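Side chains included, hydrogens not; waters and symmetry mates left out as well; all remaining heavy atoms used. This one's a predicted model, so the numbers in the text were calculated from it and none came from an experiment. In listed order, ligands and their atoms are each counted from 1.
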Amino acid sequence: MGILTGKKGLILGVANAKSIAWGVAQACHEAGAELGFSYVGDALEKRVRPLAESLNSTFIEPLDVSDDAQIDQFFDKVKEHWGEVDFVVHSIAFANKDALRGRFSDTTRDDFQLALNISAYSFVAVANRAKGLMKPGGSLVTMSYLGSMRAVPNYSVMGVAKAALESATRYLAADLGEDGIRVNAISAGPIRTLAASAVGEFSRLMEKSARGSMLNRNVTQREVGNSTLYLLSDMASGVSGEVHYVDAGFNVGAGDPGAS
Ligand code: NAD
């Protein structure tokens, strides 16, 4: 018996085996959950499907969170397949590469809207559909980063999106709390993934984060997955509206990703 035995959950945002969402999926599977997955486009389906099937998943459906009709269709299929859902992991972000290097003040209106739409509003849109399928005890978790609180070089518009995402987490927690549903965010330390590769000078950011952390290293996808597992499970039944740091203690140290 694992702490998620008998629970059904959606993992949104696996792109490949390096995705944070994949670390979460593995942790949830080992804890006994039945999992459903989303993917964007045919190219990613080829990667996501075998990964999902390796965890015995039978629900693997397309979901582009920029399209309300697709979000509706996706959750209609969830309802058809399972009837209800116990948890949702939102591990999705996107910004134009050009907006993740250079000067933040040069961010265009289009790049700003795109980053905030995919990386922050999508959590609201997903929570809105998911809540109708959740009973009291349901749990949603999203993925954030310290760039929401600090001006991290090159993180730029994504930092603004993460600030919106963390605020949305608190407002969603207030709304959905009325139905006994919990909403939390994990603020993960830097991890080499597809999305991270878009951030300018990411290797430098990783080096600084390792040096400035309490544990003198960076975290792994699986460590983020294990902490997410706790927030999804009944072990965290008293926790909502929280931003939980999984960054080897970097955020409470004197280390600053902006310092040389
Ligand atoms: P990743 O590239 O593996 O995952 C990002 C996912 O977002 C991909 O699966 C991609 O398909 C999905 N996505 C992008 N646009 C989408 C859309 N329109 N509709 C649906 N899905 C879409 O990278 P990751 O690092 O695992 O990112 C997952 C989350 O973790 C993101 O929110 C990211 O900002 C956050 N995060 C990452 C780090 C890091 O250093 N890697 C640190 C803290 C937080």
Side-chain angles (χ1 to χ4, degrees), residues 10-26 37-49 51-52 60-71 73-74 88-97 100 113-123 125-126 141-150 152 154-166 168-169 185-199 201-210 218-225 227-228 243-248 250-251 257:
L10 298 169
I11 308 285
L12 313 180
V14 175
N16 55 42
K18 293 190 170 163
S19 294
I20 290 177
W22 183 241
V24 178
Q26 289 173 301
F37 291 82
S38 68
Y39 62 85
V40 195
D42 297 344
L44 283 185
E45 181 184 5
K46 288 198 185 87
R47 297 194 178 226
V48 176
R49 193 166 283 283
L51 287 172
I60 308 155
E61 294 291 338
L63 174 61
D64 181 338
V65 293
S66 66
D67 180 351
D68 278 328
Q70 264 201 46
I71 305 177
Q73 278 165 21
F74 181 84
V88 178
V89 177
H90 172 276
S91 188
I92 290 172
F94 187 80
N96 268 337
K97 223 172 170 172
L100 298 175
Q113 285 176 344
L114 179 67
L116 274 280
N117 184 15
I118 306 294
S119 317
Y121 177 71
S122 67
F123 189 43
V126 162
V141 173
T142 188
M143 295 299 158
S144 193
Y145 173 63
L146 183 63
S148 63
M149 309 290 289
R150 298 189 193 172
V152 176
N154 297 308
Y155 203 65
S156 300
V157 72
M158 192 53 82
V160 178
K162 292 304 190 193
L165 181 67
E166 291 178 13
T169 298
I186 293 262
S187 184
I191 298 174
R192 214 172 281 286
T193 62
L194 198 61
S197 66
V199 179
E201 297 184 287
F202 188 72
S203 296
R204 202 151 162 245
L205 178 64
M206 285 201 75
E207 274 165 39
K208 286 179 185 169
S209 292
N218 284 309
V219 296
T220 64
Q221 282 87 342
R222 186 54 196 258
E223 286 177 313
V224 176
S227 298
T228 305
V243 179
H244 178 63
Y245 283 83
V246 183
D247 64 349
F250 181 84
N251 76 98

Can a non-hydrogen atom of [X] be found less than 4.0 Å from any atom of ligand 1?
| X | value |
| --- | --- |
| W22 | no |
| Q221 | no |
| G189 | yes |

Within this structure, what is the [atom1]-[atom2] distance for the pair [X] and [Y], rounded to the nearest 0.5 Å?
| X | Y | atom1 | atom2 | answer |
| --- | --- | --- | --- | --- |
| L10 | H90 | CG | NE2 | 12.5 Å |
| S122 | F94 | OG | CZ | 13.0 Å |
| D42 | R47 | CG | CZ | 13.5 Å |

For [X], take its heavy atoms, then give the atoms of ligand 1 lying under 4.0 Å from any of them.
| X | value |
| --- | --- |
| P190 | 40 (O) |
| V40 | 11 (O), 19 (N), 20 (C), 21 (N), 22 (C) |
| M143 | 29 (C), 30 (O), 32 (O), 35 (C) |
| A15 | 3 (O), 8 (C), 9 (O) |
| L44 | 11 (O) |
| A196 | 41 (N) |

Q: Select the closest option to atom 34 (O) of ligand 1 among K18, K162, R192, M206, judged by heavy-atom distance.
A: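 Of the listed residues, K162 has the closest heavy atom.
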Q | Nearest option to atom 1 (P) of ligand 1, as decided by whichever heavy atom of S19, A198, G41 sits closest | A |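 That would be S19.
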Q: Answer with side chain, backbone, both or neither: which part of V14 has a heavy atom less than 4.0 angstrom from an atom of ligand 1?
A: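 Just the backbone.
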Q) Taking heavy atoms and a distance under 4.0 Å, where does L63 meet ligand 1: side chain, backbone, both or neither? A)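 Just the backbone.
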Does some side-chain heavy atom of [Y] sit less than 4.5 Å from a side-chain heavy atom of [X]?
| X | Y | value |
| --- | --- | --- |
| I186 | S227 | yes |
| P190 | N218 | yes |
| N251 | M149 | no |
| T169 | V243 | no |
| L146 | Y245 | yes |
| T220 | I191 | no |
| V141 | H244 | no |
| V24 | M143 | yes |

Give the residue, atom name and distance (to 0.1 Å) of the protein heavy atom nearest [atom].
| atom | value |
| --- | --- |
| atom 27 (O) of ligand 1 | A195 CB, 4.2 Å |
| atom 15 (N) of ligand 1 | I118 CG2, 3.7 Å |
| atom 13 (N) of ligand 1 | I92 CG2, 3.8 Å |
| atom 43 (C) of ligand 1 | S144 O, 3.1 Å |
| atom 14 (C) of ligand 1 | A93 O, 3.5 Å |
| atom 28 (C) of ligand 1 | S91 OG, 3.1 Å |
| atom 18 (N) of ligand 1 | D64 OD1, 2.9 Å |
| atom 36 (N) of ligand 1 | I20 CD1, 3.9 Å |

Q | L12: which of V89, T142, I92, V65 passes side-chain contact (heavy atoms from CB on, under 4.5 Å) | A |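 For L12, the side-chain contact (heavy atoms from CB on, under 4.5 Å) check succeeds only for I92.
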Q: Applying side chain to side chain contact (heavy atoms under 4.5 Å, CB included), run through T193 and Q221 and close with a yes or a no.
A: CA-CA 9 Å; T193 62; Q221 282 87 342; 4.0 Å; yes
Does [X], backbone or side chain, put an N or O under 3.5 Å from an N or O of ligand 1?
| X | result |
| --- | --- |
| V65 | yes |
| G13 | yes |
| Y145 | no |
| I191 | yes |
| T193 | yes |

Q. From atom 10 (C) of ligand 1, is the closest protein heavy-atom distance below 4.0 Å?
A.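 It does not: no protein heavy atom is found less than 4.0 Å away from atom 10 (C) of ligand 1.
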